[in-house]
Number of protein chains: 2
Amino acid sequence: MASRAKATILDIAREAGVSKSTVSLVLQGSGLIRPETAVKVRKAIEDVGYVYNRGAANLRKAHSNVIGMVINDLTNPFFAELAVGMERVFQAAGVVPFIANTAENPVRQEEVLKSLMEQGVAGLIVSPARGTTPGTFRRIETAGVPIVFTMRRLPDSRIPVIAPDNHRGSVLAAEHLIRRGHRRLAFFGGSSDLVVYQERLGGFLEACETLGIPNSDRLIVEGETSRKGGMACLETALVVPQPPTAALCFNDAVAFGVMLALRKRGLEAGADFAVVGFDDVAEAEHYSPALTSVAVDTAGLGERAAHVMLKMIQSRTTRAENHIGAVSLVVRESSGPDRNSQVGDAA
Amino acid sequence: MASRAKATILDIAREAGVSKSTVSLVLQGSGLIRPETAVKVRKAIEDVGYVYNRGAANLRKAHSNVIGMVINDLTNPFFAELAVGMERVFQAAGVVPFIANTAENPVRQEEVLKSLMEQGVAGLIVSPARGTTPGTFRRIETAGVPIVFTMRRLPDSRIPVIAPDNHRGSVLAAEHLIRRGHRRLAFFGGSSDLVVYQERLGGFLEACETLGIPNSDRLIVEGETSRKGGMACLETALVVPQPPTAALCFNDAVAFGVMLALRKRGLEAGADFAVVGFDDVAEAEHYSPALTSVAVDTAGLGERAAHVMLKMIQSRTTRAENHIGAVSLVVRESSGPDRNSQVGDAA
DNA sequence: TTGATCTATTGGAACGTTCCATTTATAGCG
DNA sequence: CGCTATAAATGGAACGTTCCAATAGATCAA
């Protein structure tokens, strides 16, 4: 069975007794076709088991209907949530997003981008891998294919970015911890080659400055942005002479790691050590204790990125405004007051 | 800037002073070309910022180099792990996998499949959405495009399946619980319209049968295959007259939900109630308490699926053997002995 | 009737590749 | 030198679509 030579528009034309042009018009839903003819053609399409060849079509058409989503870590549920938001918007616009994973590997990223370009994507939404070389997106830009960065950005680039207000998020989180009486604070996870890291750490430091936490009472531990990284950070932090009593984590994955490490030591997040995450993934709410985290409206960011992309495609431009999404602190159980402090500030 | 008309193979030919055929040969790495010529051509390619048009090429070539991965729930980290295994294999074969999410929605799935087919994929690896209609893959099969199911299968279909030995996994897990002294067992999560569910539940029931757990001491609670679903299952289970003391969960997500619900009630998984998961996602090991789970060698299954797909493409067939992967029980902390039982069986 | 206008349909030339059949250049041999 | 064998490069047709300009058939106004 199977494998009779693929049916084309010409086979349909023959079957339906019309010309290939007519079939093409029907396929595009043109109003120029007499309804009865359209019906006849559509029946023929069914009968021969035709599948549209978009590659051939794109040879003549200006733009394709696929956009590429290039993600640095698909195993982080955050990106899955982001993708869901995008898909909602794209689906409504008749655009199909293809997702490709770079696994935080710049070489793989180059391959994936090349492949997507060859496929003739109409646009690219990218969360660039760590260590992306500045030139990576040059040629894509000059090819006139619109790019939008989400979450992450490149230091020098003029490519539009859709990201949360990282600085403000950290300020909110740090202020919260300080108001709860904590005086020795840590910032856990991430590494300084990420612009996002600098923003999040920057907000943390600013809040410390403003509210009078001296430099000597701040501890900064870089680490992998994963559970494992978070566990390592806590271990590191607890061996210093005057350990912190609270930590703002680079993201929720790190925060979960910190909470696990606490549990392993018989300590409880919230009661013995305050933990605040960043991103507010779905899991944060259901964790135990529930994680206080900076909510970034993940799906909303995804939708926004998709909208910006659609607008860029439509207006044939490769430029667009950045968009910094509002953030808010969701206080849950993991960020209790300092045990030795008098300051109440109950939830 | 940008947007000078896209360079084609002809532009390169002119630039390098050769014919388009020569350029094409170079592009394909043919050995028929004099090395110096190849160098000259490659330089021209760089100079004009050429991007290969795979759509045009596929018009002539038999097969494309993209395969589609259609996943029912991208937010489940299990599938991300599966994808990672596949990507390893495909990358080595010069094949690019595009991932598309169906979010467990059959309609969306149809759209996604259509799009992938139009794009001219060489093959499809699918974890079908719940409620997939039997006819969905008929036309794809008759179009001669190879399909491999992973994890899930359709009741009647002859499409090859790569999946773990669900039955055996459940037997192992249930036997473990019974040997730890548990006598009232539950099976949590999933629903009977999934073939996987029947397999996993079947193994559970068989072990109960074999080891003398009477029907009246088994509790089966269907539910969503998510954390939330797991929480609901536990609530349901604890209100029956003689509640179970242990549960095998449909997957790890459900198990995590059960553990959270236990914690909310002041109970501890492992000590007060035994929990076993299925899939052994990375998180299981790092959870607290660490989750006992049936390991299915996720990445290995992904690799296997990719290999089978490559072989099918190569041999131009739409048929292949099923592959049932070995499973093993990873005993951790969440499955402690029944408190009222004398049976020791320490870890 | 003729010509203009409109509607529905059509043929043919692109689009950017690959691949086959040729052509041209180079070398090898008696 | 002429011949064949080999290596390197080439032109043209084909792939399945879109789009433009053209056509055929109605309808309408004068």
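Letters A, B, ... mirror the listed sequences (proteins, then strands); counts begin at 1.
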Separation of dC15(C) atom P from L59(B) atom CG, nearest Å, is 14 Å
Would you list the protein and nucleotides 21-23 of chain D atom pairs, both N or O, that sit under 3.5 Å from each other?
none

**Asked** OP1 or OP2 of dG16(C) less than 4.0 angstrom from a side-chain nitrogen or oxygen of T8(B), does that happen here?
**Response** no
Taken to the nearest whole Å, CD1/I9(B) to C1'/dC15(C) is 13 Å
In whole angstroms, the gap separating P of dG16(D) from CD of Q119(B) amounts to 17 Å
Distance alone, cut at 3.5 Å: any donor-acceptor contact between the side chains of S24(B) and Q28(B)? yes
Worksheet item: Just by distance, with hydrogens left out, do S64(B) and N58(B) show a side-chain donor and acceptor under 3.5 Å apart?
Response: no
note: L25(B), atom CG; dA8(D), atom P; distance rounded to Å ~ 11 Å
Distance check: side-chain N/O of S24(A) vs OP1/OP2 of dT17(D), anything under 4.0 Å? no
_One thing to verify: whether E118(B) and K114(B) come together as a salt bridge, which I'm taking to mean a side-chain N less than 4.0 angstrom from a carboxylate O._
yes
* Asked: Is S21(B) side chain donor-acceptor paired with the dG11(D) base, going by distance under 3.5 Å alone?
  -> yes
* Asked: Taking the inter-plane angle between the rings of F149(A) and F137(A) on a 0 to 90° scale, is it parallel (under 30°), tilted (30 to 60°) or perpendicular (over 60°)?
  -> perpendicular
**Pair Q119(B), Q119(A): side-chain N/O donor-acceptor within cut-off below 3.5 Å** = no
What residues 28-45 of chain B contributes to the DNA chain C interface at heavy-atom separation below 4.0 Å is Q28(B)
So, are K43(A) and E46(A) salt-bridged, with charged N and O less than 4.0 Å apart? no
note: R60(A), atom CZ; dG12(C), atom C1'; distance rounded to Å ~ 11 Å
Checking dT10(D), dT9(C), dG16(D) against the side chain of A56(A) (C-beta onward), the nearest is dG16(D)
note: N53(B), atom CG; dA14(C), atom C1'; distance rounded to Å ~ 14 Å
Query - T75(B)-E81(A) side chain donor-acceptor pair, cut-off 3.5 Å - result: no
N58(B) CG to dG16(C) P, in whole Å, measures 16 Å
Between CG of N65(A) and P of dT18(D) the distance, given in whole Å, is 12 Å
Partner of Q109(B) under side chain to side chain donor-acceptor pair (under 3.5 Å), picked from T132(B), N72(B), T136(B), T102(B), is T132(B)
Self-check item: Carboxylate-amine/guanidinium proximity below 4.0 Å for E104(A) and R152(A)
Solution: yes
